[in-house]
Amino acid sequence: MQYDRTDARILEIVQKNNRLTSEVIGELAGLSATACQRRLKRLRSDGIIEADVSIVSAKAVGRPIQMLVLVSLERERADIIDRFKKAIKASAEVVNGFYVTGDADFVLYITSRTMEDYEQFTRRFFYENPDIKGFKTMVVMDRVKSGFAIPIEIPPEE
């Protein structure tokens, strides 16, 4: 997966606003709309652009309770890890899930309508799962920054 300076500029632009037309992106990157479309298509097919998404306010859609949850598994075996990854992907409440190093095995970002709903979720998702050793919940008091923008390394000129 390689990209050049022009691709890097396109990536910077679409991370700020992915609703811009190819004409506008091309103009900002110094390309024609057609050349920009070709590059965007390649960046997507190469997996450099993984998805085009909108960031939705959890509060605005009735899920104002947000938590970061540290999860520890009973054992670090491949089948247990794979099973838990599958459970994360299948859960609508889990917005983001990360397999991590350190004190916990996973960090989850979860939203809920109420604390009662979250308690029900914990019973289903954690307590009924024999592979879970424990979990710690941190309630988010204020979302200070939200996004998926990655700093783009600009390749050197050739």
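Starting from 1, each residue takes its place in the sequence as its number.
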Considering all heavy atoms, the nearest [X]-[Y] contact:
{"X": "G47", "Y": "E50", "value": "O-CG, 3.7 Å"}
{"X": "A8", "Y": "I154", "value": "CB-CD1, 3.6 Å"}
{"X": "A29", "Y": "T6", "value": "O-CG2, 4.2 Å"}
{"X": "I10", "Y": "C36", "value": "CD1-SG, 4.5 Å"}
{"X": "A104", "Y": "S72", "value": "CA-OG, 3.9 Å"}
{"X": "R63", "Y": "T111", "value": "NH2-O, 2.6 Å"}

Do the non-hydrogen side-chain atoms of [X] and [Y] ever get within less than 4.5 Å of each other?
{"X": "E23", "Y": "E27", "result": "no"}
{"X": "M67", "Y": "S112", "result": "yes"}
{"X": "D7", "Y": "R42", "result": "yes"}
{"X": "Y118", "Y": "V69", "result": "yes"}
{"X": "D4", "Y": "R39", "result": "yes"}
{"X": "D103", "Y": "L70", "result": "no"}
{"X": "V14", "Y": "L43", "result": "no"}
{"X": "R9", "Y": "R5", "result": "no"}

Co-membership, hydrophobic cluster, residues [X] and [Y], 4.5 Å side-chain:
{"X": "I25", "Y": "I150", "result": "no"}
{"X": "M138", "Y": "V95", "result": "yes"}
{"X": "I132", "Y": "I81", "result": "yes"}
{"X": "V94", "Y": "M115", "result": "yes"}
{"X": "L40", "Y": "L28", "result": "yes"}

Is K16 salt-bridged to E12, cutoff N-O under 4.0 Å? no
Answer yes or no: is there a donor N or O on one side and an acceptor on the other, between the side chain of [X] and the main chain of [Y], under 3.5 Å?
{"X": "N129", "Y": "D131", "result": "yes"}
{"X": "N17", "Y": "R19", "result": "yes"}
{"X": "T114", "Y": "D117", "result": "yes"}
{"X": "D105", "Y": "L73", "result": "yes"}

Contacts of type ring-ring contact (aromatic ring centres under 6.0 Å, His included), residue F106, not counting sequence neighbours: F84, Y99
Nearest 0.5 Å please: distance from the [atom1] atom of [X] over to the [atom2] atom of [Y].
{"X": "F125", "Y": "I110", "atom1": "CZ", "atom2": "CD1", "result": "7.0 Å"}
{"X": "K59", "Y": "I65", "atom1": "NZ", "atom2": "CD1", "result": "9.5 Å"}
{"X": "E153", "Y": "L11", "atom1": "CD", "atom2": "CG", "result": "12.0 Å"}
{"X": "L68", "Y": "T137", "atom1": "CG", "atom2": "OG1", "result": "9.5 Å"}
{"X": "R38", "Y": "S22", "atom1": "CZ", "atom2": "OG", "result": "11.0 Å"}

Tell me who clusters with V61, hydrophobic residues only, linked when side chains sit under 4.5 Å apart either directly or through other members. V56
Given a cutoff of under 4.5 Å between side-chain heavy atoms of I, L, V, M, F, W and Y, with clusters grown through shared members, what are the other residues clustered with I55?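 Besides I55, the hydrophobic cluster comprises V53, F148, listed by chain and residue number.
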Atom CZ of R113: over 12 foreign heavy atoms under 6.0 Å: no
